[in-house]
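Every chain is numbered from 1 and lettered A, B, ... according to where its sequence line falls, protein lines coming before strand lines.
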Protein chains: 2
Amino acid sequence: MANHYDITEYKNPLFTVDSVLFTVKEGALKVLMVKRASEPFAGRWGLPGGFVNVDIDDNVGMTALRKLKEKTSVAPQYLEQLQTYSGVNRDPRGFSVTLVYFALIAEAQVSTHIATVDDAKWIDLNKLTELPVAFDHKFIIEQAKERLKQKALYSMIPVYCLPEHFTVGQFKLVIETILGKPVQRKSIIRRIEAADMFEKVDEKVKSGGRLAQLYKVKPDVDIVNFERNLSV
Amino acid sequence: MANHYDITEYKNPLFTVDSVLFTVKEGALKVLMVKRASEPFAGRWGLPGGFVNVDIDDNVGMTALRKLKEKTSVAPQYLEQLQTYSGVNRDPRGFSVTLVYFALIAEAQVSTHIATVDDAKWIDLNKLTELPVAFDHKFIIEQAKERLKQKALYSMIPVYCLPEHFTVGQFKLVIETILGKPVQRKSIIRRIEAADMFEKVDEKVKSGGRLAQLYKVKPDVDIVNFERNLSV
DNA sequence: TAAGTTAATGTCTTAATGACACAATAAATC
DNA sequence: GATTTATTGTGTCATTAAGACATTAACTTA
């Protein structure tokens with residue numbers, strides 16, 4: 001009766017944690033992919049992730065961060081759970097479950113480190129079809145992209161793809177890259193005002209025309225969500 | 001090298017699937033709770049759920065459905081993933097991960113069956129504080145409730161708490177119960193029109209005054225999301 | 001028949017975004 | 001140095017969907 005809840009009576013499914021880390025680079029939406037060194041799918045490209053180490057990870061969010069840091073050397077600026085994917089056929093080792101995180105980072109923060117390793121690469125989302133991808137990761141990335149597009153319509157999270165100081169023009173470009181459609185500059189400006197989560201930096205920057213005002217995120221503010229989507 | 005990916009080299013965390021099943025009953029938002037027969041937390045109330053059975057579950061969604069059916073005898077009308085909760089301290093057996101689903105059902109569909117079993121009960125969300133609850137399930141239910149409230153602002157999912165045929169007045173009441181605030185009948189009607197996912201039933205029903213038009217969900221339509229939240 | 005109740009409609013107001021003209025400011029060109 | 005061009009930022013009207021609330025409709029009960 002004491003071991004009525006003995007866990008060994010259950011075949012526990014294989015549990016992993018993966019992350020879809022997006023950035024905007026060279027005017028395109030990119031996702032971080034890792035060349036798999038071991039089976040299954042050795043040699044193919046997959047999402048950064050792996051098994052939980054119950055001795056050092058306090059929770060599965062730490063697993064995601066730890067695995068991302070191995071590849072990028074820094075923590076992403078934004079991290080949230082996307083979804084869990086499971087099934088008996090998605091991994092040749094048997095029934096598997098993967099919890100997928102969804103993350104954003106400014107390209108400038110990681111470019112140097114990524115460039116030094118050859119098993120991690122930014123993949124243009126439009127060129128994903130050409131890449132040999134492991135598991136169901138191509139499908140997962142598509143779903144993550146949809147989530148990102150949806151969130152970009154009502155939330156300020158795209159700012160996490162920008163450097164510390166940024167202009168309205170850069171913000172606009174990031175949003176347009178994510179959505180794949182042009183948006184009104186005026187709409188961005190209005191939301192920057194309304195969100196009250198940014199402050200002007202006492203500095204302007206060249207941009208080919210009139211000098212552009214720099215902004216930065218106020219310390220310790222939460223991301224603001226709006227009641228209404230951009231309709232584009 | 002063949003067993004380089006032998007899964008036994010990892011201490012796999014304990015993985016379970018739980019569900020927060022909501023309904024609206026007697027003008028209040030209720031959640032289905034189950035009295036735990038076994039340790040840990042035997043005797044306390046917890047969310048319906050359990051371990052994956054890799055032999056009969058094709059994926060973890062099936063696990064959630066299977067466990068819910070054990071308690072309600074039917075499948076919920078709406079089911080989506082809420083989030084995964086994990087940590088080394090949330091279960092005395094060790095590092096644990098639970099994937100929590102979020103589900104809705106019409107009370108009429110399950111009332112008779114629930115009444116016959118004594119280990120499952122609808123708990124009024126306002127009386128949750130008084131109940132001895134297992135694990136971090138109280139916290140999880142609060143998060144699920146927030147998700148439901150948020151979705152009720154821009155989506156038609158509250159309809160899944162209604163019987164097959166329903167009136168605008170019933171729909172309004174369900175939404176108001178979820179949100180805890182009054183909404184404009186006119187707004188509901190406008191959205192019912194705009195969503196184009198309902199059709200009028202050729203029948204009206206008494207309601208104390210003028211007869212109320214009955215509606216039902218059109219076959220094979222998806223839930224409609226609106227671009228804008230109700231602001232209430 | 002009148003009063004009360006709930007349903008449905010009509011319509012004015014409000015709020016946030018779209019669209020776009022226009023002004024400001026800097027670089028490049030003549 | 002004036003002119004053109006590019007980009008930033010502002011002003012303003014149009015559009016859209018929701019809020020507020022009065023009005024009408026249809027049924028019940030006293």
Side-chain angles (χ1 to χ4, degrees), chain A residues 27 149-156 158 162 165-176 179-216 224-232, chain B residues 27 149-156 158 162 165-176 179-216 224-232:
Chain A
K149 285 176 77 167
Q150 195 55 38
K151 287 222 162 191
L153 294 175
Y154 66 83
S155 122
M156 287 304 212
L162 290 170
H165 292 183
F166 57 89
T167 68
V168 174
Q170 290 175 309
F171 204 168
K172 177 171 182 283
L173 189 65
V174 164
I175 293 175
E176 288 177 335
L179 297 178
K181 297 175 192 166
V183 298
Q184 295 274 332
R185 157 185 293 270
K186 181 77 177 181
S187 298
I188 312 288
I189 293 176
R190 276 196 283 233
R191 288 194 160 189
I192 288 177
E193 292 285 336
D196 192 35
M197 57 178 287
F198 307 105
E199 58 189 12
K200 291 182 181 179
V201 178
D202 193 21
E203 188 188 354
K204 304 201 178 191
V205 72
K206 290 183 196 175
S207 61
R210 178 175 169 174
L211 296 186
Q213 176 68 54
L214 282 175
Y215 290 85
K216 68 171 182 178
V224 169
N225 294 328
F226 294 91
E227 303 287 286
R228 198 167 156 176
N229 286 357
L230 296 175
S231 41
V232 287
Chain B
K149 285 176 76 167
Q150 195 55 38
K151 286 223 162 189
L153 294 175
Y154 66 82
S155 123
M156 287 303 212
L162 290 170
H165 293 182
F166 57 90
T167 69
V168 174
Q170 291 174 309
F171 204 168
K172 177 171 182 282
L173 190 64
V174 163
I175 293 174
E176 289 177 333
L179 296 178
K181 296 175 195 168
V183 298
Q184 296 274 330
R185 156 184 293 267
K186 181 76 177 183
S187 299
I188 312 289
I189 292 176
R190 276 196 284 233
R191 286 192 162 190
I192 288 178
E193 292 285 335
D196 193 34
M197 55 178 288
F198 308 104
E199 58 189 12
K200 291 183 180 178
V201 177
D202 194 20
E203 188 188 353
K204 303 200 178 189
V205 74
K206 289 185 197 174
S207 62
R210 176 175 172 175
L211 295 185
Q213 176 67 55
L214 281 176
Y215 290 85
K216 68 171 183 178
V224 169
N225 294 329
F226 294 92
E227 302 287 287
R228 198 168 157 176
N229 285 359
L230 296 175
S231 41
V232 287

To the nearest Å, how far apart are [X] [atom1] and [N] [atom2]?
{"X": "A:Lys172", "N": "D:dG9", "atom1": "NZ", "atom2": "C1'", "answer": "13 Å"}
{"X": "A:Gln170", "N": "D:dT8", "atom1": "CD", "atom2": "C1'", "answer": "13 Å"}
{"X": "A:Leu214", "N": "D:dT8", "atom1": "CG", "atom2": "C1'", "answer": "12 Å"}
{"X": "B:Leu230", "N": "C:dA16", "atom1": "CG", "atom2": "C1'", "answer": "15 Å"}
{"X": "A:Arg191", "N": "C:dG18", "atom1": "CZ", "atom2": "C1'", "answer": "12 Å"}
{"X": "B:Glu193", "N": "D:dT16", "atom1": "CD", "atom2": "P", "answer": "18 Å"}
{"X": "A:Ile189", "N": "C:dC20", "atom1": "CD1", "atom2": "C1'", "answer": "14 Å"}
{"X": "A:Asn229", "N": "D:dA17", "atom1": "CG", "atom2": "P", "answer": "12 Å"}

B:Arg210 (side chain) and C:dA8 (base): donor-acceptor pair under 3.5 Å: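 No, no donor-acceptor pair under 3.5 Å.
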Side-chain donor/acceptor contact of B:Arg228 with base of D:dA18 under 3.5 Å: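 There is none.
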Contacting residues from residues 200-207 of chain A, given that a heavy atom lies under 4.0 angstrom of DNA chain D: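 Going residue by residue through residues 200-207 of chain A, the ones with a heavy atom under 4.0 Å of DNA chain D turn out to be A:Ser207.
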Close side-chain approach of [X] and [Y], heavy atoms under 4.5 Å:
{"X": "B:Ile192", "Y": "B:Met156", "result": "yes"}
{"X": "A:Thr167", "Y": "A:Ser207", "result": "no"}
{"X": "A:Arg228", "Y": "B:Asn229", "result": "no"}

Sugar-phosphate only, base, or nothing, as touched by A:Arg185 at under 4.0 Å among non-hydrogen atoms: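 Base, at least one base atom sits under 4.0 Å.
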Sugar-phosphate only, base, or nothing, as touched by A:Glu227 at under 4.0 Å among non-hydrogen atoms: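 Answer is nothing: A:Glu227 stays at 4.0 Å or more from every strand.
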For the student: nearest non-hydrogen atoms of B:Val201 and B:Gln213, plus distance: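 Minimum heavy-atom separation between B:Val201 and B:Gln213: O-NE2, 2.7 Å.
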Over all atoms of both residues, closest heavy-atom pair of A:Leu230 and A:Ser187: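 Scanning both residues, the minimum pair turns out to be CD2-CB, 4.2 Å.
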Whichever of A:Arg190 and A:Tyr215 has its nearest DNA chain D nucleotide further upstream toward 5':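 The residue mapped nearer the 5' terminus is A:Tyr215.
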OP1 or OP2 of [N] versus the side-chain N and O atoms of [X]: is any pair under 4.0 Å?
{"X": "B:Ser231", "N": "D:dA18", "answer": "no"}
{"X": "B:Gln184", "N": "D:dG19", "answer": "no"}
{"X": "B:Ser187", "N": "D:dA18", "answer": "no"}

Main-chain N/O of A:Val183 paired with A:Glu176 side-chain donor or acceptor, under 3.5 Å: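 Present.
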SB check B:Lys216 B:Glu199 (cutoff 4.0 Å):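 B:Glu199 and B:Lys216: salt-bridged.
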Whichever of A:Phe226 and B:Val168 has its nearest DNA chain C nucleotide further upstream toward 5':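 Closest to the 5' end, via its nearest nucleotide, is B:Val168.
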Reported CD1-to-NZ distance for the pair B:Ile175 and B:Lys181, which is rounded to 0.5 angstrom: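 Going from the CD1 atom of B:Ile175 to the NZ atom of B:Lys181 covers 13.5 Å.
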Proximal nucleotide (of D:dA17, C:dC20, C:dT11) relative to the B:Lys186 side chain: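 Minimum distance to the B:Lys186 side chain belongs to C:dT11.
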